[in-house]
There are 2 protein chains.
Amino acid sequence: MPVVKSSREEAVDAIMREFRMSGYDGASLSRLSAATGLGKSSLYHYFPNGKEDMAKAAGERAAALVVEAVIEPLAAEGALKTRLQKATAGLSKFYHGGKTSCLVDLFTIGEANDAAPGLAKSMVDALLRALASVAEEAGHSKKEAKLVAEQAVIELEGSLVVSRAMGSTRPFQRMLSRLPGLILKTSK
Amino acid sequence: MPVVKSSREEAVDAIMREFRMSGYDGASLSRLSAATGLGKSSLYHYFPNGKEDMAKAAGERAAALVVEAVIEPLAAEGALKTRLQKATAGLSKFYHGGKTSCLVDLFTIGEANDAAPGLAKSMVDALLRALASVAEEAGHSKKEAKLVAEQAVIELEGSLVVSRAMGSTRPFQRMLSRLPGLILKTSK
DNA sequence: TCCAATATACCAATCGTTCGGTACAATGGA
DNA sequence: TCCATTGTACCGAACGATTGGTATATTGGA
């Protein structure tokens, strides 16, 4: 098991960071080059199809991080409440307390749609499935569970947008504190 | 009262549409030129500071439309429930049933921050104030009203993101049907 | 005649991309 | 063991196209 990250893995991390800061259209090759410390031409060594490949790699990396920080804790052993706490902590970490945007948002704007179609959809689908399964376990019907999961993702994405617009992480933090209740409560 | 829109007003509408489709970075001058049917020279005649001015004009236009479709109905005479219905209808119209994005989201990404700082914040602030005032009228305390308003904006923005990502307007529609209850209900 | 509005032509800068090439490590047959 | 070969990792320079923006000329209605 390699302790040292490969150069490519480091690059993907940096690229993901840049995309989450500037969006797809805003993340120019120059910026991506500066962010990775790799020359523009070197980027094409790791990502033969250029920006498109970089977006895909960034999306896959982000998805993997969400699985690790949120979905796996939810699927683990233990009390529901504890798992939900771990998942919200994971969300806070992944979104840096609300300071970093979500690629689901950024990759559904402008040219990103043509460059990497379906990428955002698959990301949100995975999250929806994981949340719905937990909501079902918490006592919701299959139908209710789906709605609860959707509501959770809506609040997640929305709180990130509002936090960004207001220049404050409070909306995101408040959303995190609401999340466990949203999924656990059975009363309508 | 002019029935015919001035050439500039028509241009602003088209520009707003283009920004809402492509985001700030994605809306190039060529696209804006094509969308308005105006040559670059004409665009710079109406918007001397170029893209930046266009973004401001689009933001102001969007804000005015939201005032007209949502905020004024909320502040009008009549039963609260009726006003909320009109406001949700206004939201549905402004966002084309969930098919069109929100500039609050798009203008907080990439270069837009530098070009038009504070634009998104002022937009979301106006909406928050209007919603909070209605929530207060519905029986919430000042503090609760603020939180309820924030929650409403979060769900609005979030449902637009999720709808975009899923390629379905259902999440937005469901959010609209939740909205009145969110603001009206006094029980915790 | 005036001036808002549009056209034509152009600019430097940057875009995403490709080219030709270097440095170095690993491989493998003689 | 030698060394030719191959693969990996990277780079600077340049590509054509497009970016946002400007300067100057022309048009046309009041």
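Chain letters run A, B, ... following the sequence lines, proteins first, then strands; residues in each count from 1. Side chains are part of it too, since the values below use all heavy atoms of this structure and drop only hydrogens, waters and symmetry mates.
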I want to check one thing: is the phosphate of C:dT6, taken as OP1 and OP2, less than 4.0 Å away from some side-chain N or O of B:S41? no
Between D:dG20 atom P and B:E52 atom CD, what is the distance in whole Å? 13 Å
Nearest to the B:H45 side chain among C:dT6, D:dA9, C:dC15, which nucleotide is it? C:dT6
Could you state the OH-P distance from A:Y44 to C:dT18, rounded to the nearest angstrom? 6 Å
Nearest whole angstrom, please: distance from the P of D:dT24 to the NZ of B:K40. 17 Å
May I ask you to evaluate whether A:S28 reaches the phosphate of C:dC15, defined as a side-chain N or O under 4.0 Å from OP1 or OP2? yes
Decide yes or no for B:Y95 and B:L156: does some side-chain heavy atom of the first lie under 4.5 Å from some side-chain heavy atom of the second? yes
Taking only the side-chain nitrogens and oxygens of B:S30, find out if one of them lies under 4.0 Å from OP1 or OP2 of D:dT19. yes
More than 12 heavy atoms of other groups within 6.0 Å of A:R178 CZ: yes
Taken to the nearest whole Å, CG/B:L29 to C1'/C:dC11 is 14 Å
Separation of C:dT6 atom C1' from B:F47 atom CZ, nearest Å, is 15 Å
Assign A:A115 to base, sugar-phosphate, or nothing according to its heavy-atom contacts below 4.0 angstrom with the strands shown. nothing
Are there more than 12 heavy atoms of other residues, nucleotides or ligands under 6.0 Å from atom CD of A:E111? no
Starting from P on C:dA7, measure out to OH on B:Y46 and report it in whole angstrom. 11 Å
Can you tell me how far P of C:dT17 sits from CE of A:M54, to the nearest Å? 7 Å
Considering non-hydrogen atoms only, spot the tightest contact between B:A115 and B:E52 and give its length. O-CG, 3.0 Å
Can you tell me how far C1' of C:dA5 sits from CG of B:L38, to the nearest Å? 9 Å
If you define the side chain from C-beta out and look only at heavy atoms, does anything of B:P48 sit under 4.5 Å from B:D53? yes
Of the nucleotides C:dG16, D:dT22, D:dT19, which one has an atom closest to the side chain of A:K51? C:dG16
